[in-house]
Amino acid sequence: MRIVSGIQPTGNLHLGNYLGAIRNWVRMQDEVAASGGLSLYFLADLHALSQPHVPAELAANCREMVAALLACGIDPDKSVLFNQAQVPQHAELQWLLSGTARMGWLSRMTQWKDKSGKKGDSQSVALFTYPVLQAADVLLYQATHVPVGDDQKQHLELARDIAQKFNNDFCTEDAPVFTLPEPTIPPEAARIMSLRDGAAKMSKSDPSDMSRINLTDDADAIMQKIKKAKTDPEPLPEDKAGLEGRPEAANLVGIYAAMAGTSVEAVLAEFGGHGFGKFKPALGELLVEKLAPINTRFGELRSDPGALDAILRQGAAKARELAVPTLEATYKALGLLRG
Ligand code: TRP
């Protein structure tokens, strides 16, 4: 098994990032290490260029994100942890794959359609070709499994399409250059919603800080945010079907189940029939208990940027070594002379 996944270095990590992606990375890191495979996790800092950005903030966000990943349990002795910008093979492979990716495939990406809206012409070329870089990210390392949230499934399918077409067009059947990666979507809690609106994803760009639990929030802030979280006046239902049409209640129960490592059914077996006056304090305490060690470690790590840079540098050196054979095979298959 070869696991590869990336995360954009947005500042301000929150519970949605933790439960949606990072916690799953940690779980897979340990499983893969135990079975003799390898996991590679990276900051998708090159992808950040697809949107307007402030250079100083990008650097700060990268350090912030690597501190958060380490605090959550990514272990640089078990996983290769790095940022794309220190592994030029990502950008190189992207160009080589650009001859294989089709305009129509990229035009159909829902993320492109959502983000470009009616203003496609004023978007960066990088926003359009973003999925080709993402394909390069995973194909470069012969990934077998790519843990992602539901919203990235389409990009992974595109990576498979690119790999398949490249193998078809440029390789013999017994010597394909690329492995077709499988998306691995965590079953529970893949989508954590805003605490203020059960229809919107928890997001760092929501103007209301009350909409999310940040990894930097202290116990008081967490309790306060859960207390103020939007709900409805009904008590919690006895079974899962009763959560239908109650997005805010479903979100809070989902968060509880994910944090406690149990099922929604089990949470409702305990709290069904009770109002939020009982459930909310229990949820707040659970969050405080589970997030406190992460919060403490995060604070320590953030205060030593030199150590964070060293970890990324070492991870990038390993990643470059792993990337070279596939990149060279790609050049060769395309008929490009490399001396
Ligand atoms: N596009 C992904 C996201 O926004 C981040 C990402 C970049 C990624 N490259 C990747 C995820 C490769 C998985 C594999 O979440």
Side-chain angles (χ1 to χ4, degrees), residues 1-14 16-26 28-29 32 38-51 53 58 61-62 65-66 68-69 74 79-94 97 101 106 109-116 124 126-163 178-186 190-192 201-205 315-316 319 322-323 326:
M1 245 175 138
R2 173 68 61 90
I3 310 280
V4 180
S5 195
I7 191 163
Q8 286 220 41
T10 54
N12 203 0
L13 251 88
H14 54 72
N17 305 121
Y18 176 62
L19 291 176
I22 302 172
R23 202 176 60 142
N24 197 42
W25 285 14
V26 175
M28 294 191 87
Q29 152 187 276
V32 167
L38 185 65
S39 44
L40 294 96
Y41 296 126
F42 62 90
L43 311 181
D45 51 1
L46 294 179
H47 278 106
L49 308 188
S50 61
Q51 301 273 353
H53 84 288
L58 180 55
N61 287 348
C62 280
M65 182 62 84
V66 74
L69 294 176
I74 298 296
S79 298
V80 184
L81 179 61
F82 63 100
N83 61 316
Q84 277 169 327
Q86 296 197 60
V87 186
Q89 287 81 2
H90 287 247
E92 267 180 275
L93 184 62
Q94 181 194 12
L97 297 177
L106 296 180
M109 293 293 112
T110 51
Q111 187 171 303
W112 159 253
K113 288 197 274 187
D114 290 350
K115 287 196 179 172
S116 63
S124 70
L127 187 66
F128 187 67
T129 59
Y130 177 117
V132 186
L133 178 59
Q134 186 161 346
D137 294 338
V138 298
L139 300 179
L140 189 56
Y141 302 106
Q142 305 288 341
T144 58
H145 297 82
V146 182
V148 282
D150 208 28
D151 61 332
Q152 294 298 314
K153 207 174 154 202
Q154 199 188 26
H155 286 161
L156 248 290
E157 275 155 15
L158 182 93
R160 290 172 63 90
D161 289 344
I162 292 176
F178 297 117
T179 305
L180 268 51
E182 299 282 344
T184 320
I185 297 170
R191 235 169 116 79
I192 301 297
K201 233 176 128 166
M202 186 176 285
S203 160
K204 66 129 200 175
S205 49
L322 291 164
T326 299

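In this text, all values refer to a predicted model and were calculated from it rather than measured experimentally. We count residues from 1, following the sequence as given. Remember, it's 1-based here, ligands and their atoms both numbered in the order they're listed.
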Self-check item: Single hit among Leu43, Leu40, Val66 for side-chain contact (heavy atoms from CB on, under 4.5 Å) with Phe82
Solution: Leu40

Quiz item: Do Gln111 and Asp151 get their side chains close enough for a donor-acceptor pair, meaning under 3.5 Å?
Solution: no

Self-check item: Identified side-chain contact (heavy atoms from CB on, under 4.5 Å) counterpart of Met65 within the set Asn83, Asp45, Leu13
Solution: Leu13

Pairs under 3.5 angstrom, nitrogen or oxygen on both sides, ligand 1 versus protein: list them out, please.
from, atom 1, to, atom 2, distance (Å)
ligand 1, 1 (N), Tyr130, OH, 2.7
ligand 1, 1 (N), Gln134, OE1, 2.9
ligand 1, 1 (N), Gln152, OE1, 3.0
ligand 1, 4 (O), Tyr130, OH, 3.1
ligand 1, 9 (N), Asp137, OD2, 2.7

Self-check item: Qualifying residue for side-chain contact (heavy atoms from CB on, under 4.5 Å) with Leu322, from Leu140, Val80, Val4
Solution: Val80

Quiz item: Mind checking whether Tyr41 and Trp25 have parallel, tilted or perpendicular rings, split at 30° and 60°?
Solution: parallel

Self-check item: Listed partners of Glu182 passing salt bridge (Lys or Arg N to Asp or Glu O under 4.0 Å), at least two apart
Solution: Arg160

